[in-house]
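In what follows, chains carry the letters A, B, and so on, assigned in the order in which the sequence lines appear, proteins first and then strands, with residues in each chain numbered from 1.
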Protein chains: 2
Amino acid sequence: MASGQCEKVMTLIRERISARALLPGEKLPSVRSLAATTGISKSTVVEAYDRLAASGLIEPRRGAGFYVGSQPVPHSLKTTARPVERAVDPLWMSRQALEPRPGMLSPGCGWLPESWMPQEIIARALRNVARSGGAQLTDYSEPKGFAPLRQLIARRLATREINVGAEEIMLADSASAALDLVLRFLTEPGDTILVDDPCYFNFLAGLRANRLRVIAVPFGPGGPDVEAFAHLAETERPRLYLTNAGLHNPTGWKLSPVTAHKVLKLAERHDLLIIEDDIFGDLEGEPAPRYAAMDGLERVIVIGSFSKTLSAAFRTGYVAMRPDWVEDFTDFRIASRFGGNQMAEALVHAVLSDSAYRRHLDGLRNRLMASGDAVARELEGLGFELLNPALGGFFLWCRLPGGQDAAALSKVALDNGLVLAPGNVFSHSGNAAGLMRFNVAQSDNGQVFRLLRQTLSEAREM
Amino acid sequence: MASGQCEKVMTLIRERISARALLPGEKLPSVRSLAATTGISKSTVVEAYDRLAASGLIEPRRGAGFYVGSQPVPHSLKTTARPVERAVDPLWMSRQALEPRPGMLSPGCGWLPESWMPQEIIARALRNVARSGGAQLTDYSEPKGFAPLRQLIARRLATREINVGAEEIMLADSASAALDLVLRFLTEPGDTILVDDPCYFNFLAGLRANRLRVIAVPFGPGGPDVEAFAHLAETERPRLYLTNAGLHNPTGWKLSPVTAHKVLKLAERHDLLIIEDDIFGDLEGEPAPRYAAMDGLERVIVIGSFSKTLSAAFRTGYVAMRPDWVEDFTDFRIASRFGGNQMAEALVHAVLSDSAYRRHLDGLRNRLMASGDAVARELEGLGFELLNPALGGFFLWCRLPGGQDAAALSKVALDNGLVLAPGNVFSHSGNAAGLMRFNVAQSDNGQVFRLLRQTLSEAREM
């Protein structure tokens, strides 16, 4: 077992290699210079280098020090290089939520229980597709995706005052895939991207995967902090601002029209693009303003999908953007995935066109409101402070009782069968350690609160 | 209408901006210096700059020359900046093949007619999924994708002597999406990638989308030219070699065991990774050797999908790679697309598990052989020279009669209702101008040959 100091050196070198600050074949810092920089003894640095050499990661060359091994090292997104313990980071959150573990309850996850989803409407659509057969069962869809679905999305966007033709809408494999394509289309590695603090945790992982530099603007009840936004736009020169449209994730807060106007003026002054992710749009009661509606898609790109209210099992996302970018973007889409999934696109179209789907959405909104109230009362009973009371949507954003640390609580919770969503997985600045997101649909269940009470008390005693 | 010289300058500047050789806000070359470099008169350069300024792409600044506009310019994959005429390049091919145009015949496309696909088996799987309901209708699949499908893929790879556990297999949205993820995981922008000459045309577009530098090795009846491979590996230091497993696209040729061994030794000597795309594997009669089987996944990554023989309408691809890369790769997969499409994955699993699917494959191979023979006779009757007689699979790779140019022929063919696949869309070096790929299933039809005969004769007269 290596000593703590030795491990520290090993971690440092592993991280540099994994981040490509040290490239394959490159010389490592000399033992003397690393010892001087880190204040760790030369003998410990030698031990660490020897251990790394034994693992094959670095290679000693006679009389010439150590070199990064020629073994190719893939691009790692981990925020820690310790193999044994994974940091509570955005990818930890994804893994906890997606990993199948029978019996676990997931008040921290970002989707609805399957019984809340429109199972019957989907089954009907499946039977119809099976019966009609033909190209929908077997063929790629056209370069921009299944035209009837693009037309339907254009009509739905028009209800949010976003006027865009079906030819300016391109389908993608999901909203995540849509974001990923747009980022690759509009940015260069190393560009600076502005996100909300807090924001959807997988935005942070996706930006890192695209080698983008992230900065964050505090997000409050009416939208981003305009003064901080102005300052960051001026000093950090971000290329684009990535945010949610409508209900914000994780806070559930909505953009105010005044803030929307001010942000758009700043975007214009500083030549900033805005990506608006409209994934929860169907759950709003009174719709919030959309940047895309005010701006007319001049510098706003809309992405979205139906994974949260229709199905995550045959996902279809979309992108709407200004007409003069559409052809180049479509080329990009083809280059990275060729044709679209005609059956998935046709199924989404069939469900959205089914009159029962509108009733499903109405029922869902009411059910979320009722669960939101019930879960809020339970959380307040446990001493949580609610930061976004009764706004609708999936999420409650709360402060933990007694100054407890959300990441520590989440680790204890796993042993008790609960997947929680600690605040800092959503926060680039790491200033949400005392906050937590709850999914009202997954939490409205006595067992969740029994286990949560137990977890709070165990964590307090640690 | 701008003169030819003026257009030349405009194209040059557009290309530089689109390739980001000139960045937003950057100063353009002075009129004097551009005139000197290009040999075009100063007055023509001034006219070109004025026209570009009128379009908003560049901006004049009083007394200080011209600057690239602050309008953000997205990443374009076009090989020509001429807006009016699209080059016959890989993306042209994709667009022609995917664009829905009723009545067109597509002997050049890369997939089977819908009537050749397993429609009944798919319809049965759809009805079963609709009946069973539950998570398969609505939920994300686990981080690596639906476990029963990963287990089944592991068993199928074992029949090709590729021994890999289900935990080393990750599902993706398609083989194209799998390739895209692997490239982003294993390369840096600017890395050099070796492909076959010719190769699948969308590889070339996908590599360009990842900002990778492409070099190509001549590919012949037994695989890549080993001497050329050795020379390129030595002098160009490619990071990886991307190729097809089994039946090669577009040539239909197969790797020989001797070449496979030599290429693997070169890969080891020059520290090169190999990506083997096993998309046509199910169509082989006698299976060709696999790099992954010989190498044991040490430096080979396998990707594949079932889009060609099962369905392209609910695509599911996969990646198999060495165990120590799996967790970092899975993080990458989550960062770019979050969970998987459980329904699509479950449907693919259901079809592959249906005993009728094996019979479908047997029938397909026989039918392809028969059509291959018939189409070969027709093509020879028109004066084509077949370079890959009777190897099975989708494709015949042929030399055009009378030294005709395949790109020119393909343009004439479009007016006659035929989508052809000219050789140079597959060739990075551009040395396949006299060659063409035919899809035997799409070509086995008298009307195709009547139109092809007419097209050949019209093109000869032009």
Side-chain angles (χ1 to χ4, degrees), chain A residues 20 70 72 74-78 91 94-95 98-100 114 117 119 122-123 126-127 129-130 133-140 142-143 173-174 176-177 180 184-186 188-189 202 205-206 208-209 271 273 311-315 325 328-329 331-332 334-339 341-344, chain B residues 20 70 72 74-78 91 94-95 98-100 114 117 119 122-123 126-127 129-130 133-140 142-143 173-174 176-177 180 184-186 188-189 202 205-206 208-209 271 273 311-315 325 328-329 331-332 334-339 341-344:
Chain A
R20 304 228 169 183
S70 56
H75 183 180
S76 173
L77 301 176
K78 281 207 182 58
L91 285 161
S94 300
R95 292 290 191 111
L98 290 170
E99 212 69 74
E114 68 184 63
M117 298 295 275
Q119 298 254 351
I122 294 169
L126 280 169
R127 288 190 300 267
V129 169
Q136 289 187 5
L137 296 193
T138 53
D139 287 10
Y140 297 103
E142 57 190 287
D173 289 321
S174 62
S176 303
D180 201 57
R184 294 167 70 191
F185 180 61
L186 290 174
E188 300 281 305
N202 211 35
R208 207 175 321 135
D271 197 23
L273 302 172
S311 174
F314 50 100
R315 284 195 290 171
W325 289 352
D328 280 343
F329 183 78
D331 281 351
F332 215 94
I334 291 172
S336 63
R337 48 104 85 179
F338 203 59
N341 289 327
Q342 189 166 182
M343 181 193 289
Chain B
R20 303 228 170 186
S70 55
H75 184 179
S76 174
L77 301 176
K78 283 206 179 58
L91 284 161
S94 300
R95 292 291 191 111
L98 290 170
E99 211 69 74
E114 66 185 63
M117 298 294 274
Q119 299 256 349
I122 294 169
L126 280 170
R127 287 190 301 266
V129 169
Q136 289 187 7
L137 296 192
T138 54
D139 287 12
Y140 297 103
E142 57 190 287
D173 288 322
S174 62
S176 302
D180 201 58
R184 294 167 72 194
F185 180 60
L186 290 174
E188 300 280 306
N202 211 36
R208 208 176 320 136
D271 197 24
L273 301 172
S311 173
F314 50 100
R315 283 195 289 170
W325 289 353
D328 280 344
F329 183 77
D331 281 352
F332 215 93
I334 292 172
S336 64
R337 49 104 85 179
F338 202 60
N341 288 329
Q342 189 167 181
M343 182 192 288

Could you check which of [options] has the highest count of heavy-atom pairs closer than 4.5 Å to chain A?
| options | value |
| --- | --- |
| Val129(B), Asp139(B), Ile122(B) | Asp139(B) |
| Arg315(B), Glu114(B), Met117(B), Gln342(B) | Arg315(B) |
| Ala312(B), Ala344(B), Gly206(B), Gly133(B) | Ala312(B) |
| Ser176(B), Ala313(B), Ala130(B) | Ala313(B) |
| Pro189(B), Ser174(B), Ala135(B) | Ala135(B) |

Check your understanding: What's the spacing between Arg208(A) CZ and Phe332(B) CZ if we round to 0.5 Å?
Key -> 11.0 Å

Check your understanding: Which bit of Pro143(B) comes within less than 4.5 Å of chain A, counting heavy atoms only: side chain, backbone, both or neither?
Key -> both

**Study point:** Heavy-atom check, side chain of Gln119(B) versus side chain of Thr138(A), under 4.5 Å
**Key:** yes

Point to revise | Flag side-chain contact, heavy atom, 4.5 Å: Arg337(A) against Asp180(B) | key: no

**Study point:** Among Ile334(A), Leu126(A), Asp173(A), Leu98(A), residue most engaged with chain B (heavy-atom pairs, under 4.5 Å)
**Key:** Leu98(A)

Check your understanding: Is it the backbone or the side chain of Asn341(A) that comes under 4.5 Å from a heavy atom of chain B, or both, or neither?
Key -> both

Point to revise | Shortest non-hydrogen contact from Ser311(A) toward Leu137(B) | key: OG-O, 2.7 Å

